[in-house]
Amino acid sequence: MENAALAKILSQISIILELKEDNLFKIRSYQKAVSNIENLAESVSEIYKKGGRKALEEIDGIGSGISERIEEILTTGKSSYLEELHKDIPESVVEMLGVQGVGPKLVIRLYKDLGIKSVDELLSAAKKGVLEKLDGVREKRIENIIKGIENLKKMDKKHLIGEALPYAEILLRSIGEKPFVSKAIICGSLRRMKETIGDIDILAVSSDPKRLSDVFTSLPQVIRVTAKGETKSSVVLENNMNADLRIVKEDEFGSASHYFTGSKQHNIKIRKIAISKGLKVSEYGVFKGSKRIAGKTEDELFNALGMQYIPPELREDSGEIEAAQRKTLPNLLEITDIKGDLHMHSDYTDGTASIEEMARAAKKLGYKYIAITDHSKSTKVAGGLTEKELLKQMDEIDGINKKLPGFKILKGSEVDILKDGSLDFSDGLLSRLDIIVASIHSGFSASKDEMTKRIIKAMRNKLVNIIAHPTGRLLGKRLPYEVDIEKILSEAAKTHTIFELNSYPDRLDLNDVHCRLAKEKGVKISINTDSHSTNNLLYMKFGVGTARRGWLTKKDVINTLGLKDLLDYLK
DNA sequence: GCCGTTTTCGGCCCGACTGTTTTCAGTCG
């Protein structure tokens with residue numbers, strides 16, 4: 001079982017415990033276990049196979065109780081505890097929690113007192129005025145519930161970072177340009193560069209908070225205001241994303257940005273450490289008794305707690321706090337370290353720009369090289385090249401290279417890994433290229449074993465340099481195909497095969513957790529954009545963000561090398 | 001339910017906004 005599936009079951013347990021008003025700390029224990037499992041590079045299932053319950057209990061946040069639940073889930077595929085809990089509270093009742101403004105207390109009263117069992121029943125009850133039977137629920141509250149349900153139905157939960165970031169940048173610009181705003185930054189999961197984003201958080205410093213709230217809540221992108229105050233406002237945007245604005249004082253900016261950036265688990269641990277040192281951390285600063293000792297900058301905050309500055313992308317409570325205390329945090333990759341892009345398409349196949357246009361756009365970004373890697377003949381939907389077309393393309397690249405001093409276009413191919421693990425072009429043809437990127441575009445439904453063998457066979461071909469989008473997922477559209485990622489990464493360490501981190505916002509494949517695993521196994525990563533137009537080259541920032549979340553440094557990433565070193569490595 | 005550089009028992013992060021109230025509980029992050 002995948003970690004994500006296991007985490008989901010434990011998360012459902014924690015939600016029902018919350019509805020049942022069980023011990024708050026017990027609930028928090030389950031939540032912590034969920035978050036730790038989601039951020040774990042190793043498969044919990046494998047850990048259990050190797051070391052049983054005892055090994056499970058070595059995972060942070062998992063003790064005797066939860067290890068017993070996990071054991072049952074891994075061996076039977078389900079949790080009798082969860083099924084027991086569901087007898088009291090069915091799944092459809094739990095779904096009412098998704099409505100903004102409806103929390104655990106209200107859900108229970110809706111269910112127990114009024115017999116409302118689902119979001120749909122809640123909507124019709126709200127419209128009929130049935131909800132007024134409940135204490136503390138009157139006109140305004142009912143109106144909010146109806147709006148909340150309408151919003152829930154429109155919203156497809158999480159948004160890709162590729163959608164959220166441009167929106168957040170628009171809001172940030174609109175606010176930041178006002179004369180009464182001295183500072184404004186994006187916080188939340190967006191600043192941590194998560195692949196999907198729940199809502200947009202913006203933090204600002206203003207000499208006129210009231211006026212800033214007015215400006216924010218009346219921006220043209222806002223369709224509804226859900227809260228508005230001197231320090232905090234919330235709105236719904238036209239793309240059905242929520243956006244929050246927090247306004248703080250200049251000397252609180254560091255502690256506030258730390259707090260609003262999260263993650264929640266990271267913040268909880270930071271505050272716990274503060275307590276152990278006789279300090280208190282809140283969004284207003286670090287306090288010793290009533291005396292404020294830090295908070296103007298994040299640096300100051302971490303320093304006051306005796307640790308290194310922790311980059312936002314690492315703040316998931318997955319070991320970064322301990323590393324910062326030991327002062328052993330990695331020196332993370334920067335976007336300026338990237339010297340080239342090794343996977344992109346031209347108008348020879350399904351790209352929209354010519355080879356020369358792609359090259360000039362990349363050169364403008366400061367790159368030293370790119371690889372043109374159009375599809376091979378099997379990928380017919382993308383207009384894959386025949387042998388003859390590929391040869392013609394190679395000639396054209398030679399010509400363009402002569403026109404671009406200080407820049408090099410590598411001749412490449414994104415060659416299909418066929419069902420039996422062989423490649424779509426002959427070794428003879430492939431050996432004439434500078435770089436071979438191999439990937440899977442068909443037969444996604446093969447078994448885990450077959451898929452793993454298929455990829456390993458391709459990796460063992462000495463001509464293959466990079467495995468592209470190794471799990472094949474399309475966020476929100478297609479699940480990753482079944483493949484034993486640990487096994488293929490172990491094999492990659494032996495064959496010196498590079499793995500791609502594909503920067504397309506709906507791929508981000510390898511993901512952050514896999515990147516960290518690859519690094520542990522000594523597998524090099526190439527961060528590529530898989531561009532189909534010159535604009536797509538800018539997706540690099542999403543790949544770099546994901547790489548940073550995966551603890552990658554400059555030396556873990558192959559396309560930080562200069563051209564000569566890169567060519568040596570590829571050989 | 002987890003955890004331990006005081007601890008194997010007794011702690012467990014912190015604060016703002018809303019609606020419906022006259023002082024606060026619920027919700028959210």
Side-chain angles (χ1 to χ4, degrees), chain A residues 10 13-14 17-19 21-36 56-70 81 96-110 131-132 134-145 147-148 187-190 197-203 209 213 217 225-235 242-248 252 255-256 258-287 295 305-306 317 321 325:
Chain A
L10 294 174
I13 291 174
S14 84
L17 290 175
E18 198 173 1
L19 286 172
E21 296 190 279
D22 207 313
N23 181 313
L24 207 66
F25 301 107
K26 180 174 165 183
I27 296 165
R28 196 179 291 163
S29 296
Y30 273 94
Q31 288 172 345
K32 191 170 162 45
V34 168
S35 144
N36 286 353
L56 291 180
E57 286 171 29
E58 308 223 323
I59 301 171
D60 193 32
I62 294 176
S64 61
I66 294 181
S67 74
E68 193 181 340
R69 307 278 181 235
I70 293 177
Y81 184 49
M96 291 197 280
L97 270 181
V99 180
Q100 209 174 33
V102 177
K105 298 282 193 297
L106 184 58
V107 167
I108 281 307
R109 285 160 70 211
L110 289 167
L131 300 188
E132 291 193 26
L134 294 176
D135 278 345
V137 179
R138 294 292 172 266
E139 192 182 352
K140 197 71 192 251
R141 197 85 200 275
I142 292 170
E143 194 183 314
N144 281 336
I145 289 171
K147 283 180 183 163
C187 290
S189 53
L190 204 40
I197 305 295
D199 51 35
I200 294 171
D201 287 297
I202 292 176
L203 176 70
S213 294
T217 51
V225 178
T226 45
K228 188 179 171 198
E230 294 269 314
T231 64
K232 180 184 165 180
S233 297
S234 297
V235 299
N242 294 325
D244 290 345
L245 172 70
R246 330 272 181 144
I247 307 167
V248 298
E252 300 163 351
S255 44
H258 174 261
Y259 169 62
F260 293 128
T261 297
S263 68
K264 188 174 171 173
Q265 295 297 347
H266 169 92
N267 286 350
I268 289 173
K269 186 168 276 183
I270 288 285
R271 286 169 180 200
K272 223 163 147 180
I273 287 168
I275 290 168
S276 74
K277 292 180 181 290
L279 303 171
K280 187 185 78 169
V281 170
S282 77
E283 56 262 53
Y284 300 108
V286 182
F287 297 87
L305 297 174
D317 187 18
I321 292 173
Q325 286 177 314

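A note on names: the letters A, B, ... follow the listed sequences, proteins ahead of strands, and every chain is numbered from 1. These figures come from a predicted structure and were not determined experimentally.
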Handout entry: Identified pairing partner of B:dC3, criterion: Watson-Crick or G-U wobble below 3.5 Å
Key = B:dG10
When rounded to the nearest Å, what value does the distance between [atom1] atoms of [N] and [M] take?
N: B:dT6; M: B:dG11; atom1: C1'; value: 13 Å
N: B:dT8; M: B:dC2; atom1: C1'; value: 12 Å
N: B:dT20; M: B:dG26; atom1: P; value: 14 Å
N: B:dT5; M: B:dG1; atom1: C1'; value: 24 Å
N: B:dC12; M: B:dC17; atom1: C1'; value: 26 Å

Atom pair distance, as rounded to whole Å: [atom1] in [X] and [atom2] in [N]:
X: A:N23; N: B:dC12; atom1: CG; atom2: C1'; result: 9 Å
X: A:Q265; N: B:dC2; atom1: CD; atom2: P; result: 14 Å
X: A:D317; N: B:dC2; atom1: CG; atom2: C1'; result: 13 Å
X: A:R109; N: B:dG19; atom1: CZ; atom2: C1'; result: 12 Å
X: A:K26; N: B:dC2; atom1: NZ; atom2: P; result: 10 Å
X: A:L106; N: B:dT18; atom1: CG; atom2: P; result: 18 Å
X: A:K105; N: B:dA25; atom1: NZ; atom2: P; result: 11 Å
X: A:D135; N: B:dG26; atom1: CG; atom2: C1'; result: 14 Å

Over all strands shown, is [X] touching base, sugar-phosphate only, or nothing at heavy-atom distances under 4.0 angstrom?
X: A:E139; answer: sugar-phosphate
X: A:F260; answer: nothing
X: A:E230; answer: sugar-phosphate
X: A:I62; answer: sugar-phosphate

Handout entry: Candidates A:K264, A:Q265, A:K269 - the one meeting side-chain hydrogen bond (donor to acceptor under 3.5 Å, both in side chains) with A:D317
Key = A:K269
Problem - Candidate pair A:T226 and A:Q100, rule side chain to side chain contact (heavy atoms under 4.5 Å, CB included), full reasoning - result: CA-CA 10 Å; A:T226 45; A:Q100 209 174 33; 4.1 Å; yes
Practice task
Establish, from distance only, whether the side-chain atoms of A:S67 and A:E57 form a donor-acceptor pair under 3.5 Å.
Solution key: yes
Practice task
Could you check A:K232 against A:I275 and say which one's nearest nucleotide on DNA chain B is further toward the 5' end?
Solution key: A:I275
Problem - First of A:I59 and A:K280 reached from the 5' end of DNA chain B, by closest nucleotide - result: A:I59
Handout entry: Heavy-atom side-chain proximity of A:L190 to A:I200 below 4.5 angstrom
Key = yes
Handout entry: Crowding at CG, A:D135 (>12 non-hydrogen neighbours, <6.0 Å)
Key = no
Exercise for the section: Kindly point out which of B:dT27, B:dG29, B:dT18 is positioned nearest to the side chain of A:R246? Expected result: B:dG29
